[in-house]
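Quick note on labels: first sequence line is chain A, next is B, and so on, each numbered from 1.
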4 protein chains.
Amino acid sequence: MTEVKDGKYNKILQAAISTISQKGLDKTSISDIVKMAGVAQGTFYLYFPSKKALIPAIAENLLTVTLHEIKTGTENIQNFWEIIRIMIDETFKLTKTHKEVIVLCYSGLAIDHSMEKWETIYQPYYYWLETILEKAITNQEIVRGINVNWTAKMIIGLMESGAERFYFSEDESKLEAFKEETFSFLKRSLASR
Amino acid sequence: MTEVKDGKYNKILQAAISTISQKGLDKTSISDIVKMAGVAQGTFYLYFPSKKALIPAIAENLLTVTLHEIKTGTENIQNFWEIIRIMIDETFKLTKTHKEVIVLCYSGLAIDHSMEKWETIYQPYYYWLETILEKAITNQEIVRGINVNWTAKMIIGLMESGAERFYFSEDESKLEAFKEETFSFLKRSLASR
Amino acid sequence: MTEVKDGKYNKILQAAISTISQKGLDKTSISDIVKMAGVAQGTFYLYFPSKKALIPAIAENLLTVTLHEIKTGTENIQNFWEIIRIMIDETFKLTKTHKEVIVLCYSGLAIDHSMEKWETIYQPYYYWLETILEKAITNQEIVRGINVNWTAKMIIGLMESGAERFYFSEDESKLEAFKEETFSFLKRSLASR
Amino acid sequence: MTEVKDGKYNKILQAAISTISQKGLDKTSISDIVKMAGVAQGTFYLYFPSKKALIPAIAENLLTVTLHEIKTGTENIQNFWEIIRIMIDETFKLTKTHKEVIVLCYSGLAIDHSMEKWETIYQPYYYWLETILEKAITNQEIVRGINVNWTAKMIIGLMESGAERFYFSEDESKLEAFKEETFSFLKRSLASR
DNA sequence: TATGAATGAGTATTCATTCAT
DNA sequence: GATGAATGAATACTCATTCAT
């Protein structure tokens, strides 16, 4: 991966995200991507060794952006439950916009037998949440005695799988209610007694 | 699709599950499948209208088998928390054996823009769990005031996403501890006070 | 290589020989070949595993045909020198028609690092000439004390390289004179004293 | 082509010979060559108008070097048969080291329909050998009445095709014996009676 | 039902060549 | 002269699907 993500790298990446979101990975050809990115066919291969190499790059991009928004949105917030609400908001927002790509990233990495990459990509997110959890424990906002690493994974997993199932089946008018139910589920589990 | 799932239908389906588990969907050709199933190339199309049609059939098959095992394993069990433990066991077992296929089913349906099918397939599972939840509410084993449908989805989502993240990154020696943490997480959230 | 060289195998092979003779290997696409052969693109790959696989098949075909003609043309001929003349005739005839393909076969096998195949293909030709040489020794038509295997290679090499150099540079009106010079060269070397 | 073969021209040419010897022409990219030569991609085109232009340049280089060595090795030698032995030695040496490139030059020129170049390149070699043959005729070392031009071609062809067939199939321990057989073959044909 | 030879559309990738610096 | 990023044409090969038997 190029260190300096110059104009062309990002043009291609954004074109790929956009095209794949609309058509799916299989039906997206390199030709589609470069056309939208406004570069030549061969230029793609100056930045990505193969079509498959797009998947982790996209995943990283999406998660980095989301994490950045979560961090930005929570930097002045001390209350743990507020942070959870913001995480839920962002998770549902990301899922709505990019559900197709998210699933593709997920399965793409699986197909490629490169789930380590998936974990590497998620690592900063887990790590950030662990820190939040530890602070909340210290502040006696949440229960003690939990494994913060695993709990972080479960929280994120619950939000993400909830968002996916919501957008794939529910009536969107129920969005706020569903998010509230998710929040309650988490609050009951984590709130200190 | 043939109503009567005769020998050949199942031979093809099992060959597909097995081959896809090993090589992934993209690298699995109809030719691979029919060779393993011991039938001719054209025979595939007597039972499945297309390659894509395999995905929901596989998903249905796996989920049906799993649900059947959960039902069988819990039919004499009254205690809600016992049932949850068994669900966790079966979910982790299924994920371990078929994580590739599960992800593929999931993304396959997404790629195909046919997530309704996914929901249809899950319906019996959700429905069964809703019934269990309602009985547990009645028995005052768990909190009241929850949306049983959404809670069912969240429970299943938590278990599945947990199992996936576990098998993709954790040391397998921690399996029991991870399952216990999952159980605790659920118990804290759902137990009546 | 298919045992039964059915219609399609041969149609493709002949189309390949013809197209490659005209355009050279690099500029000949599979598409060109199948179009001329009147079969579908994919059909090519039912008979040849790759484009490269054409080369030894062509080489074998040409040499088999040539050897067959030499054998047919000499079967009633006892005189060694008569046989040599017929070999020269056939070699020059083949080279004239197929010089491009011959060179390509030769380099194709070299490129492919599969010169063993080349030797395998030539084996019957060498073997036949060795037999002829041994008989000529017995009949005291030619010198004794030679290594028949190596001498066979040298005779064939001399004829072939002569024919190539002739057709690549000489005025065709000198054909008979050149062939005569070749014959003399060989006769001086081999004739018993 | 630059008249003055400065450092870069030769660096590129030698890199090309070396890379093509190892990987073959098709698998050798300009990128490979310039990397080994230590120059930039575009620099190649300052010295060679195209990739194809390498072939005659390589052929000329190899033959010039070989002819130079033959001339140097024979300049004080009067005896015709000694000269023949040295030619055989050098031919086998060159073939051993560069058999891949030789074949490629040969076929490369053929592919390019520019066999005249091949003849032009060989011209000095033929011419030198013709002179040697004429002197040998004068000295009554060899038969008279031969066409010296054609005989030169046949001698060279015999040596080269022999060397190629030898290195493509024979056990290298037999090298000296094979060269001796080649020498005998020529001596029987050419020696004055 | 079952077969499997034949089809042909579809595409990722390569790499010789150019050109602005 | 020298560079190397950018270009984009060109193509071997795959494989889901069909259909005559």
Fill in: Atom of D/Ala15, atom of D/Ile33 and distance for their closest heavy-atom approach
CB-O, 3.7 Å

Worksheet entry | All side chain to side chain donor-acceptor pair (under 3.5 Å) counterparts of B/Thr120, not counting sequence neighbours | none

Item to complete: With sequence neighbours left out, write down each residue that passes side chain to side chain donor-acceptor pair (under 3.5 Å) with C/Thr97, or none if nothing qualifies.
Response: none

Response to the item:
Those stems involving DNA chain E that have three or more consecutive Watson-Crick or G-U pairs, both distances under 3.5 Å, are E:2-21 with F:2-21

Response to the item:
Across all chains, not counting sequence neighbours, the ring-ring contact (aromatic ring centres under 6.0 Å, His included) partners of A/Phe48 are A/Tyr9, A/Phe44

Worksheet item: A/Lys8 NZ to F/dG8 P: how many Å, rounded?
Response: 11 Å

Worksheet item: Can you check the A/Tyr47 OH to E/dA12 P distance for me, whole Å?
Response: 20 Å

Worksheet item: Nearest-Å distance, CG (A/Asp32) to P (F/dG8)?
Response: 17 Å

Response to the item:
Residue set satisfying side chain to side chain donor-acceptor pair (under 3.5 Å) with A/Asn61, at least two apart, ordered chain then number -> none

Worksheet item: Given atom NZ of D/Lys11 and atom P of F/dG1, what is their separation to the nearest angstrom?
Response: 14 Å

Fill in: Test ring-ring contact (aromatic ring centres under 6.0 Å, His included) applied to A/Tyr45 - qualifying residues, sequence neighbours left out
none

Item to complete: Please report the shortest heavy-atom distance between C/Ser21 and C/His98, naming the atom on each side.
Response: OG-ND1, 3.7 Å

Worksheet item: In whole Å, what is the span from the NZ atom of A/Lys27 to the C1' atom of E/dA9?
Response: 15 Å

Worksheet item: If the sugar-phosphate is the primed atoms plus P, OP1 and OP2 and the base is the rest, what is the B/S/- string for nucleotides 16-21 of chain E, using protein heavy atoms under 4.0 Å?
Response: SBB---

Worksheet entry | Spacing between D/Phe48 atom CZ and E/dC15 atom P, to the nearest angstrom | 20 Å

Worksheet, complete the sentence: Whole-Å distance, C/Ile33 CD1 to F/dT11 P, equals 12 Å

Worksheet item: Any side-chain N or O of B/Thr43 under 4.0 Å from OP1/OP2 of E/dT3?
Response: yes

Item to complete: Using atom NZ of D/Lys23 as one end and atom C1' of E/dC15 as the other, report the distance to the nearest whole Å.
Response: 12 Å

Item to complete: For C/Tyr122, enumerate each residue passing the ring-ring contact (aromatic ring centres under 6.0 Å, His included) test, keeping only those at least two apart in sequence or located in another chain.
Response: C/Trp118, C/Tyr126

Worksheet entry | Residue list, side chain to side chain donor-acceptor pair (under 3.5 Å) with C/Ser50, at least two apart or on another chain | none

